[in-house]
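Reading through the structure tokens given below for one structure.
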Amino acid sequence: MPAPRFRSKGYKMRSIRVPSGRSAVHYERKRAGQPRCGRCGSPLLGVPRADVIRKLSRSSRRPTRPFGGNLCSRCARRLMKEIARG
């Protein structure tokens, strides 16, 4: 029986063969999905996945433009035009 923390959807089962020759099941953390735009849902370019972001420096985590990391460049541009035009 696996430990309770491995019985969630966040882990996937990997079947491996150990050096003794028997088969064993190892549990691996699933990879995070690609971040998406909050408005149109397209993948955000220049933003790494959430499981990699902790290892990066603060300046390389997301774009430094307004709404960087939340909206794609097209939607951010469109939103700024809407705000400026009233």
Side-chain angles (χ1 to χ4, degrees):
M1 187 72 143
R5 67 180 176 274
F6 294 133
R7 283 186 264 160
S8 66
K9 293 271 190 179
Y11 288 88
K12 64 180 176 183
M13 290 173 30
R14 170 76 38 100
S15 197
I16 65 153
R17 183 155 322 262
V18 292
S20 64
R22 69 180 181 86
S23 291
V25 175
H26 282 188
Y27 292 86
E28 293 181 350
R29 202 74 159 113
K30 283 187 182 175
R31 192 149 184 223
Q34 179 74 22
R36 301 201 164 266
C37 174
R39 206 164 191 197
C40 68
S42 65
L44 289 179
L45 304 175
V47 182
R49 293 170 184 269
D51 50 3
V52 182
I53 210 163
R54 272 179 257 116
K55 301 172 188 169
L56 299 174
S57 65
R58 190 171 180 86
S59 61
S60 60
R61 287 182 188 172
R62 58 195 54 212
T64 53
R65 65 174 177 265
F67 304 106
N70 295 316
L71 298 179
C72 65
S73 59
R74 283 173 300 186
C75 291
R77 194 176 299 126
R78 199 174 302 143
L79 183 67
M80 283 190 267
K81 284 180 184 177
E82 288 174 14
I83 292 170
R85 291 173 181 167

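Given the structure is predicted, the values throughout are model-derived calculations rather than measurements. Sequence positions, counted from 1, serve as the residue numbers for this chain.
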Over all atoms of both residues, closest heavy-atom pair of [X] and [Y]:
| X | Y | result |
| --- | --- | --- |
| S23 | R17 | OG-NH1, 3.7 Å |
| P35 | P48 | CG-O, 3.8 Å |
| R54 | R61 | O-NH2, 4.3 Å |
| G69 | L44 | O-CD1, 3.3 Å |
| V18 | A24 | CG1-CB, 3.9 Å |
| P43 | Q34 | CB-CG, 3.8 Å |

Point-to-point distance, once rounded to the nearest 0.5 Å, from CZ of R77 to CZ of R65: 8.5 Å
task: Starting at NZ of K30, measure out to NZ of K9 and round the result to the nearest 0.5 Å.
output: 6.5 Å
field: Full working for side-chain contact (heavy atoms from CB on, under 4.5 Å) between S42 and R74
entry: CA-CA 10 Å; S42 65; R74 283 173 300 186; 3.8 Å; yes
task: Find out whether Y27 and R14 are in side-chain contact, i.e. whether some heavy atom of one side chain is under 4.5 Å from a heavy atom of the other.
output: no
- prompt: Do L71 and R78 touch side chain to side chain, with heavy atoms closer than 4.5 Å?
  reply: no
task: Decide if atom CG of L56 counts as having more than 12 heavy atoms of other residues, nucleotides or ligands within a radius under 6.0 Å.
output: yes
query: Would you find more than 12 non-hydrogen atoms of other residues, nucleotides or ligands less than 6.0 Å from R36 atom CZ?
result: yes
task: Specify whether F6 and Y11 have parallel, tilted or perpendicular ring planes, treating 30° as the upper limit for parallel and 60° as the lower limit for perpendicular.
output: perpendicular
